Chemist: 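Before anything else, here's the structure in question.
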Amino acid sequence: GPRHFRVLAGNHDHNGNVTAQIAYSSRSPRWSFPDLYYDFIERSADGVTAHFVMIDTVVLAGQSQLDGVDGREGVSLKGNELAGTEMPERAEAQWQWINRTLAHSQSDFLIVAGHYPVWSICEHGPTTQLVSRLKPMLDANRVSAYLAGHDHCAQAFQDGAVAYHGIGASNICDPSTAHKDAVPANVFRWHYDTGPLGVLKVPLRTSTSPRQASSPTTTRHPASCCTRRRCSHLVGDELPVGLLRSASLDTCLTAQVVGS
């Protein structure tokens, strides 16, 4: 497929001109940002599909960056301090779209990406609005993974069937674990706390995807399941932050979470 960035907006982008970022999609073939929220499907050579659902968490949960508000500069709210959406009608329309899109997905892997994290042990911590409203949707539709930025760290969680990956350490890696007690201990899996860059560890499985195993409406593709032999090009199961290489796809699927 085309080699380009799949873009979504974060708090800094919404403090700037996010409309211009969307419009730039018509000027550069390397920039794909069709709307504040959108989805796309990638298919491997052997027919395995990955459905990516890109959402705007700033519209859903509120603006964390208060630069210029009431004379405040450099103020960034924690995930449990967000006031909620400033655009209730637009937020509700997006919530309905997310729920509908997830429910109708028939892909082997279903991956949601948003700027704010659901779970985080790092500087900003969990996002209350996403824990209360997005997480139930992810659970109900057996989403494979949720990818987030915002916190400048690399971290991983497994909560039920959903894997949560914090991939905000592409430019700096903040070792903060300020919110480790705000996340259920049984869901925490991994945190990278040293060095200028993080790495995202993806476990390789020899079984069908969780969505294939659980959904009677999804066709099984046992021949497409990844084994360590087929995925031997992954060294030590470690991938650079910002890059998700699906365990059963031959292609490299990129979800770039910008504005972290």
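Below, each value reflects all heavy atoms present in this structure, side chains not excepted, and no hydrogens, waters or symmetry copies. Quantities reported herein were computed from a predicted structural model and do not represent experimental measurements.
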Chemist: Check step by step if side-chain contact (heavy atoms from CB on, under 4.5 Å) holds for I121 and H191.
Modeler: CA-CA 8 Å; I121 69 170; H191 173 252; 3.8 Å; yes
Chemist: Step by step, would you call T101 with D39 a side chain to side chain donor-acceptor pair (under 3.5 Å)?
Modeler: CA-CA 8 Å; T101 301; D39 66 323; 5.1 Å; no
Chemist: Output the distance between atom CD (Q21) and atom CG (L36), rounded to the nearest 0.5 Å.
Modeler: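 Result: 9.5 Å between the selected atoms.
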Chemist: Is the closest side-chain heavy-atom distance between L147 and I111 below 4.5 Å?
Modeler: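 Yes, side chains in contact.
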Chemist: Determine the minimum heavy-atom distance between A113 and L8, stating which atoms define it.
Modeler: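 Looks like O-CD2, 3.4 Å.
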Chemist: Search all heavy atoms of T57 against all heavy atoms of H115 and return the closest pair with its distance.
Modeler: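 Nearest pair, atom of T57 first, then H115: OG1-N, 3.4 Å.
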Chemist: Keeping Y116 on the side-chain end and G62 on the backbone end, is there a donor-acceptor pair under 3.5 Å?
Modeler: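 Yes, the answer is positive, given that a donor and an acceptor are paired below the 3.5 Å cut-off.
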Chemist: Can you sort out the partners of Y38 under ring-ring contact (aromatic ring centres under 6.0 Å, His included), two or more places apart, ordered by chain and number?
Modeler: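 Y38 satisfies ring-ring contact (aromatic ring centres under 6.0 Å, His included) with no other residue.
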Chemist: Is K180 salt-bridged to E123, cutoff N-O under 4.0 Å?
Modeler: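 No salt bridge links K180 with E123.
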Chemist: So which atom in T128 and which in N80 form the shortest heavy-atom distance, rounded to 0.1 Å?
Modeler: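 Closest approach of T128 to N80, heavy atoms only: OG1-CA, 3.2 Å.
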Chemist: Any side-chain heavy atom of Y192 sitting closer than 4.5 Å to one from P175?
Modeler: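 Not touching, per the 4.5 Å side-chain cut-off.
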Chemist: If we only count heavy atoms from C-beta on, is the K78 to H179 side-chain gap below 4.5 Å?
Modeler: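 K78 vs H179: side chains touch.
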Chemist: Between V162 and F157, is any pair of side-chain heavy atoms under 4.5 Å apart?
Modeler: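 No, their side chains stay 4.5 Å or more apart.
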Chemist: Give a yes/no verdict on a cation-pi contact between R6 and F52, requiring under 6.0 Å between NZ or CZ and the six-membered ring centre and an angle within 45° of the axis.
Modeler: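 No, R6 does not sit over the ring of F52.
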Chemist: Determine whether a donor-acceptor pair (N or O, by modelled atom type, separation under 3.5 Å) exists between the side chain of T85 and the backbone of L60.
Modeler: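 No, because the side chain of T85 does not come within donor-acceptor range (under 3.5 Å) of the backbone of L60.
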Chemist: Test of understanding: with side-chain hydrogen bond (donor to acceptor under 3.5 Å, both in side chains), list the residues that count as partners of E89, not counting sequence neighbours.
Modeler: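 Counting only residues at least two positions away or on another chain, E89 forms no side-chain hydrogen bond (donor to acceptor under 3.5 Å, both in side chains).
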Chemist: Quick one: does any side-chain atom of E81 pair with a main-chain N or O of A83 as donor and acceptor, under 3.5 Å?
Modeler: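 Checking the backbone N and O of A83 against the side chain of E81, no donor-acceptor pair under 3.5 Å is found.
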Chemist: Pair F109, V48 - check side-chain contact (heavy atoms from CB on, under 4.5 Å), show working.
Modeler: CA-CA 8 Å; F109 293 89; V48 178; 4.0 Å; yes
Chemist: Less than 6.0 Å separating the ring centroids of F5 and W31?
Modeler: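 Ring centroids of F5 and W31 are no less than 6.0 Å from each other.
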Chemist: Are K135 and T127 side-chain neighbours, meaning at least one heavy-atom pair lies under 4.5 Å?
Modeler: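 K135 vs T127: side chains apart.
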Chemist: Identify the heavy atoms of I98 and L134 that sit nearest to each other, and give their distance.
Modeler: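 Residues I98 and L134, closest heavy atoms: CG2-CD1, 4.2 Å.
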Chemist: List the atom of F33, the atom of S25, and the distance in Å for their closest heavy-atom pair.
Modeler: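 Minimum heavy-atom contact is N-OG, 2.8 Å.
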Chemist: Which one of S64, S176, S76 satisfies the side-chain hydrogen bond (donor to acceptor under 3.5 Å, both in side chains) criterion with H124?
Modeler: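 In the set S64, S176, S76, the residue that makes a side-chain hydrogen bond (donor to acceptor under 3.5 Å, both in side chains) with H124 is S76.
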Chemist: Q96 pairs by side-chain hydrogen bond (donor to acceptor under 3.5 Å, both in side chains) with which of R100, Q94, E92?
Modeler: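 Considering R100, Q94, E92, a side-chain hydrogen bond (donor to acceptor under 3.5 Å, both in side chains) with Q96 is found only for E92.
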Chemist: Might you work through the side-chain contact (heavy atoms from CB on, under 4.5 Å) test for V53 and L110, ending with a clear yes or no?
Modeler: CA-CA 8 Å; V53 181; L110 180 54; 4.0 Å; yes
Chemist: Within this structure, what is the CG-CG distance for the pair N141 and L138, rounded to the nearest 0.5 Å?
Modeler: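 Result: 8.0 Å between the selected atoms.
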Chemist: Which pair of non-hydrogen atoms, one from S26 and one from A23, has the smallest distance, and what is that distance?
Modeler: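 Minimum heavy-atom contact is OG-O, 2.8 Å.
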Chemist: Between V183 and S120, is a side-chain contact (heavy atoms from CB on, under 4.5 Å) present by the stated rule, with each step listed?
Modeler: CA-CA 7 Å; V183 175; S120 173; 5.8 Å; no
Chemist: Is there side-chain contact between M137 and W95, with heavy atoms separated by less than 4.5 Å?
Modeler: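 They are in contact (side-chain heavy atoms under 4.5 Å apart), so the answer is yes.
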Chemist: Say whether, by atom type as modelled, one donor and one acceptor occur between the side chain of D13 and the main chain of G10 under 3.5 angstrom.
Modeler: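 Yes, because the side chain of D13 sits within donor-acceptor range (under 3.5 Å) of the backbone of G10.
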Chemist: In this structure, would I41 and V143 fall into the same cluster of hydrophobic residues linked by side-chain contacts under 4.5 Å?
Modeler: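 As far as the 4.5 Å side-chain criterion goes, V143 and I41 are not connected within one cluster.
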Chemist: Working to the nearest 0.5 angstrom, can you tell me the gap between D35 CG and W97 CH2?
Modeler: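 Answer rounded to 0.5 Å: 9.0 Å.
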Chemist: Between D56 and R90, does any NZ, NE, NH1 or NH2 come within less than 4.0 Å of an OD or OE carboxylate oxygen?
Modeler: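 Salt bridge absent between R90 and D56.
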Chemist: Are Q63 and N15 side-chain neighbours, meaning at least one heavy-atom pair lies under 4.5 Å?
Modeler: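 A side-chain contact under 4.5 Å exists here.
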Chemist: Side-chain contact, heavy-atom cut-off 4.5 Å: L82 with Q129?
Modeler: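 Result yes, sub-4.5 Å side-chain heavy-atom pair found.
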Chemist: Judged by atom type as modelled, is there a donor-acceptor pair below 3.5 Å linking the side chain of T177 to the main-chain atoms of C122?
Modeler: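 The answer is no, because no donor-acceptor pair under 3.5 Å joins these two groups.
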